**Student:** 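First, the structure itself, so that you have it in front of you.
Everything numeric in this text was worked out from a predicted model, so none of it was measured.
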Amino acid sequence: MEKREVLTGLDAAGTSSTTKSVMKKLPEVTVAFWIMKIAATTLGETAGDLFAQTLKLGYFLTTIALFLIFVVTLVVQLRSSRYNPFFYWTVILSTSMAGTTMSDFMNRDASAKYLGDGATSLGWGPQGLGLGYPAGAAILVSILLAVFLAWKLSGMTFQIRDIVTFKGEALFWSAILVSNTLGTSMGDYLSDSSGLGYAGGALLVTGMLAVLAVLMKVPAVPNVLLFWIAFVLTRPLGATAGDFLTKPAAHGGLDLGTTGSSAVLLAVLLGLMAYAQAQERRTTAVTP
C-alpha cells in the first residue's frame with residue numbers, strides 16, 4: 001500500500017491538515033491523470049507547431065510568447081488557494097506548448113528539412129540553434145538533473161503530496177517545464193531521426209511505459225523515480241501522436257493539419273477538465 005501512495009504522490013486518505021491543504025492544489029494521480037497528461041502534451045505539440053510553422057511566427061517569437069503565457073498561467077496556479085483542474089491543466093498545457101517550440105528552437109535551423117514548402121525563413125529572429133536532437137536532449141537531461149539536484153539540496157521532499165511551500169512548487173513546475181521540453185526532443189528524434197516513424201516511436205514509448213507499470217510492483221524501485229520517468233515519457237508519446245495527426249501522409253502521418261488537430265484536441269482536453277472540475281466539486285461537497 002505504501003508503495004502505491006509514493007507512486008501517486010498524493011494520498012486521498014491523508015489525515016494531516018498539511019496533506020489536506022496540498023491535496024487542494026494538486027490532482028490525484030490516477031489513470032485519468034495520465035490520460036489528461038497525454039491529451040495536454042499532444043495538444044501542446046500540435047498547438048506549438050500551429051503558431052510556429054502554420055502561422056509562420058517562427059520558433060524564436062513563438063517561444064518567447066508561449067513562455068510568457070506559461071509564466072502567467074503559473075502565477076494563477078501558484079496564487080490559487082486550492083486545486084482547480086482548469087488552472088493546473090492550463091499550466092501543463094502551457095509547458096507543453098512552450099516546451100515544443102523551445103525544443104524546436106534548440107534542435108532545428110533554417111535548413112529546407114525544417115522549413116519545407118520552399119520557404120527560406122520562418123518568422124522574425126534566429127531560425128534555430130541547430131544543435132540536433134541528440135545534443136539538445138543531452139543538454140535538457142543535464143538541466144533536468146540540475147533541477148532535481150537543486151531540489152535535493154533544498155531539503156524539500158519529492159513527494160508531490162507534501163509540497164507546501166512556494167519554493168517547492170517553483171521547483172516542481174521547473175521540473176515539469178524542462179521534462180516536457182526534453183520529451184519533445186525525444187519524441188522528435190524517435191519520429192524523424194530514429195527510423196521508427198510516428199507509429200513506431202509511439203509504440204516504443206508505450207512499451208517503455210508498460211515496463212514502468214510492471215516496475216511499480218517491485219519494492220526496490222522508488223515510485224517517485226518511476227513517476228518522473230513516466231512524466232517525461234508521456235511527452236514524447238504526445239509528440240509522436242501529434243506528429244502522426246498533423247504530418248503529410250507521404251511522411252507517415254494522417255495529414256489532418258495543425259489547426260484541425262489542435263481544435264479537436266482542445267475540445268477533448270476541455271471536456272476532460274470540465275469532468276475533473278465536476279469531480280472535484282463533488283469531492284469537496286462531501287468532505288467534512
**Student:** Please say yes or no: joined through hydrophobic side-chain contacts below 4.5 Å, possibly via intermediate residues, are L61 and F51 part of one cluster?
**Tutor:**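 In one cluster with L61: F51, yes.
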**Student:** Answer with yes or no whether the side chains of T41 and S96 bring together a donor and an acceptor at under 3.5 Å.
**Tutor:**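 Note: S96 and T41 side chains miss the donor-acceptor criterion.
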**Student:** Walk me through whether L177 and W173 qualify under side-chain contact (heavy atoms from CB on, under 4.5 Å).
**Tutor:** CA-CA 6 Å; L177 177 63; W173 287 111; over 6 Å; no
**Student:** Show me the pairs that pass salt bridge (charged side-chain N to carboxylate O under 4.0 Å, His left out) and involve residues 41-50, at least two apart or across chains.
**Tutor:**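 Applying salt bridge (charged side-chain N to carboxylate O under 4.0 Å, His left out) to every pair that reaches into residues 41-50, excluding sequence neighbours, yields E45-R235.
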**Student:** Out of curiosity, does L182 fall in the hydrophobic cluster containing F67 (side-chain heavy atoms, cut-off under 4.5 Å, transitive links)?
**Tutor:** yes
**Student:** If a pair satisfies salt bridge (charged side-chain N to carboxylate O under 4.0 Å, His left out) and one of its residues is in residues 90-104, list it, with sequence neighbours excluded.
**Tutor:** D104-R108
**Student:** Just do the side-chain contact (heavy atoms from CB on, under 4.5 Å) check on I92 and W89 with the steps written out, would you?
**Tutor:** CA-CA 5 Å; I92 295 292; W89 289 105; 3.8 Å; yes
**Student:** Please check this pair: side chain of T62 against backbone of Y59, looking for a donor-acceptor N/O pair closer than 3.5 Å.
**Tutor:** no
**Student:** Taking everything shown except M208 itself, do over 12 heavy atoms lie less than 6.0 Å from its CE?
**Tutor:** no
**Student:** Might you confirm whether atom CZ of F231 has over 12 heavy atoms from other residues, nucleotides or ligands at distances under 6.0 Å?
**Tutor:**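 Atom CZ in F231 is crowded, with more than 12 foreign heavy atoms closer than 6.0 Å.
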**Student:** What pair of heavy atoms forms the shortest contact from G136 to L131, and how long is it?
**Tutor:**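 Shortest heavy-atom separation between G136 and L131 comes out as N-CB, 4.4 Å.
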**Student:** For the residue pair F33 and Y88, categorise the inter-ring angle as parallel (less than 30°), tilted (30 to 60°) or perpendicular (more than 60°).
**Tutor:**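 Correct class here is tilted.
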**Student:** How far apart are the C-alpha atoms of S185 and M106, what are their side-chain angles, what is the distance that settles it, and do they pass the side-chain contact (heavy atoms from CB on, under 4.5 Å) test?
**Tutor:** CA-CA 9 Å; S185 291; M106 290 178 62; 5.9 Å; no
**Student:** Would F227 and V218 show up in the same hydrophobic cluster when neighbours are defined by side-chain heavy atoms closer than 4.5 Å?
**Tutor:** yes
**Student:** Would you call the rings of W151 and F172 parallel, tilted or perpendicular, taking 30° and 60° as the class edges?
**Tutor:**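 Aromatic pair W151/F172 classed perpendicular.
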**Student:** Under the 3.5 angstrom rule, does the side chain of T100 hit a backbone N or O of G44 as a donor-acceptor pair?
**Tutor:**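 Yes: the side chain of T100 pairs with the backbone of G44.
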**Student:** Do M273 and T90 come within less than 4.5 Å of each other through their side chains, counting heavy atoms only?
**Tutor:**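 Yes; the side chains approach each other to less than 4.5 Å.
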**Student:** Kindly compute the distance separating CG (L149) from OG (S142), expressed to the nearest 0.5 Å.
**Tutor:**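 Reported to 0.5 Å precision, the distance equals 12.0 Å.
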**Student:** I'd like to know if the side chain of T63 and the backbone of T101 have a donor-acceptor N/O pair within less than 3.5 Å.
**Tutor:** yes
**Student:** What is the distance from atom CG of L171 to atom NZ of K152, rounded to the nearest 0.5 Å?
**Tutor:** 13.5 Å
**Student:** Tell me whether Y275 is reachable from F86 by hopping between hydrophobic residues (I, L, V, M, F, W, Y) whose side-chain heavy atoms are closer than 4.5 Å.
**Tutor:** no
**Student:** So which atom in L66 and which in G48 form the shortest heavy-atom distance, rounded to 0.1 Å?
**Tutor:**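 Closest approach of L66 to G48, heavy atoms only: CD1-CA, 4.5 Å.
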**Student:** What distance separates T181 OG1 from I176 CD1, expressed to the nearest 0.5 Å?
**Tutor:** 11.0 Å
**Student:** Quick one: does L233's side chain get under 4.5 Å of M186's, heavy atoms only?
**Tutor:** yes
**Student:** Rounded at 0.5 Å granularity, tell me how far CG in L93 sits from CG in L269.
**Tutor:**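 The CG atom of L269 is 6.0 Å from CG of L93, to the nearest 0.5 Å.
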**Student:** Does the T73 side chain pair with the main chain of F70, one donor and one acceptor, at a distance under 3.5 Å?
**Tutor:**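 Pair found, side chain donor or acceptor close to backbone of F70.
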**Student:** Applying side chain to side chain contact (heavy atoms under 4.5 Å, CB included), can you list everything that pairs with I35, at least two apart in sequence or on another chain?
**Tutor:**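 I35 satisfies side chain to side chain contact (heavy atoms under 4.5 Å, CB included) with V31, L272 only.
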**Student:** Is the shortest heavy-atom distance from the side chain of F60 to the side chain of I64 under 4.5 Å?
**Tutor:** yes
**Student:** Which distance, rounded to the nearest 0.5 Å, do you find between the CH2 of W34 and the CD1 of I38?
**Tutor:**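 It is 8.5 Å, given to the nearest 0.5 Å.
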**Student:** Is S261 reaching over with its side chain to a backbone N or O of G257, donor-acceptor style, under 3.5 angstrom?
**Tutor:** yes
**Student:** For L140 and V178, which heavy atoms make the closest approach, and how far apart are they?
**Tutor:** O-CG1, 3.7 Å
**Student:** For T54 and T258, does a side-chain donor sit closer than 3.5 Å to a side-chain acceptor?
**Tutor:**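 There is such a pair between these side chains.
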**Student:** Evaluate the criterion side-chain contact (heavy atoms from CB on, under 4.5 Å) for residue pair V75 and V72; output intermediate values, then yes/no.
**Tutor:** CA-CA 5 Å; V75 169; V72 172; 5.9 Å; no
**Student:** Taking a hydrophobic cluster as the set of Ile, Leu, Val, Met, Phe, Trp and Tyr residues connected by side-chain heavy atoms closer than 4.5 Å, whether directly or through intermediates, do I229 and V214 fall within one such cluster?
**Tutor:**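 They do not share one cluster, since no chain of ILVMFWY contacts under 4.5 Å joins I229 to V214.
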**Student:** Determine the minimum heavy-atom distance between T46 and S262, stating which atoms define it.
**Tutor:** OG1-OG, 3.0 Å
**Student:** Does S80 reach the main-chain N or O of V76 with its side chain, forming a donor-acceptor pair under 3.5 Å?
**Tutor:**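 Such a contact is absent between S80 side chain and V76 backbone.
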**Student:** Working to the nearest 0.5 Å, report the span between CG of L43 and CE of M97.
**Tutor:** 7.0 Å
